[in-house]
Amino acid sequence: MYSKTKLFRERFSGKNSPTWNGGLAKLRTERSSIEYRDWRKAVFAKDFYKCQCCGAKSSHKSHVELHAHHIKNWADNEADRYSVDNGITLCDKCHYEFHSLFGKKNNDSL
Ligand SMILES: [Zn+2]
Ligand SMILES: [Zn+2]
């Protein structure tokens, strides 16, 4: 399992490139693309629809909201945007926790 520490360390190593130019509008349209939806699905499948941080998974008893998170910054790693290896499945809680620690500005924003 992917530990929080490892995830957070990777975030630190790929942080805050000055090339970020705030192309949010562009980001948003790309996000809604079929390519993005397929990427998200592939990431979930790779991680067996399970949060790689705390292990949460949907069952018939409880629904877990899953998010596909970019390990390397979305804005600065164009080549890796749709690479399944650059995606990790997180539940909404872990994802929220991650971004509340690292913010969203220089991040993958989702
Ligand atoms: Zn989780
Ligand atoms: Zn994220």
Side-chain angles (χ1 to χ4, degrees):
M1 192 180 296
Y2 220 87
S3 76
K4 251 179 226 185
T5 334
K6 183 161 186 278
L7 189 64
F8 291 172
R9 206 184 298 126
E10 281 179 18
R11 173 58 68 194
F12 271 125
S13 64
K15 73 179 178 199
N16 303 346
S17 160
T19 59
W20 166 259
N21 58 10
L24 266 183
K26 192 176 165 235
L27 220 61
R28 212 166 284 134
T29 45
E30 286 182 26
R31 287 244 164 217
S32 58
S33 71
I34 293 166
E35 212 176 5
Y36 174 69
R37 284 207 301 270
D38 285 352
W39 171 81
R40 197 168 166 269
K41 238 191 278 169
V43 171
F44 290 168
K46 165 183 75 87
D47 291 335
F48 304 101
Y49 294 84
K50 190 163 126 179
C51 173
Q52 298 301 294
C53 200
C54 72
K57 191 183 195 315
S58 276
S59 70
H60 47 274
K61 278 187 194 154
S62 64
H63 174 74
V64 175
E65 172 99 18
L66 293 175
H67 297 191
H69 171 78
H70 280 89
I71 296 167
K72 284 193 251 164
N73 195 325
W74 160 275
D76 296 332
N77 293 279
E78 207 161 339
D80 283 329
R81 281 183 185 182
Y82 299 112
S83 155
V84 174
D85 291 336
N86 189 31
I88 185 168
T89 306
L90 295 178
C91 71
D92 57 343
K93 287 197 197 80
C94 292
H95 200 197
Y96 178 80
E97 192 186 334
F98 181 87
H99 285 288
S100 63
L101 279 172
F102 291 96
K104 290 192 171 181
K105 193 167 164 256
N106 277 310
N107 221 310
D108 68 322
S109 84
L110 194 82

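All ligand and atom numbering here is 1-based and tracks the order in the structure. We use all heavy atoms of the structure for the numbers below, so side chains are in, but hydrogens, waters and symmetry mates are not.
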Self-check item: H69 vs Q52 side-chain heavy atoms within contact, under 4.5 Å
Solution: no
Self-check item: N/O/S atom of H69 inside 2.8 Å of the Zn ion (ligand 2), strictly under
Solution: yes
Quiz item: D47: what forms a salt bridge (charged side-chain N to carboxylate O under 4.0 Å, His left out) with it, not counting sequence neighbours?
Solution: none
Exercise. Look at the side-chain heavy atoms of Ile, Leu, Val, Met, Phe, Trp and Tyr, link any pair under 4.5 Å apart, and say whether V64 and Y49 land in one connected group.
Key: yes
Exercise. Answer yes or no: is there a side-chain heavy-atom contact under 4.5 Å between R37 and K41?
Key: no
Quiz item: Would you call the rings of H70 and Y36 parallel, tilted or perpendicular if under 30° counts as parallel and over 60° as perpendicular?
Solution: parallel
Self-check item: Nearest-0.5 Å distance, CZ of residue R81 to CD of residue E35
Solution: 10.0 Å
Practice problem: Can you list, by chain and residue number, the protein N, O or S atoms under 2.8 Å from the Zn ion (ligand 1)? | Solution: C51 SG, C54 SG, C91 SG, C94 SG
Quiz prompt | More than 12 heavy atoms of other groups within 6.0 Å of K46 NZ | solution = yes
Quiz item: When you measure from the Zn ion (ligand 2) to each N, O or S atom of H99, which atom gives the shortest distance?
Solution: NE2
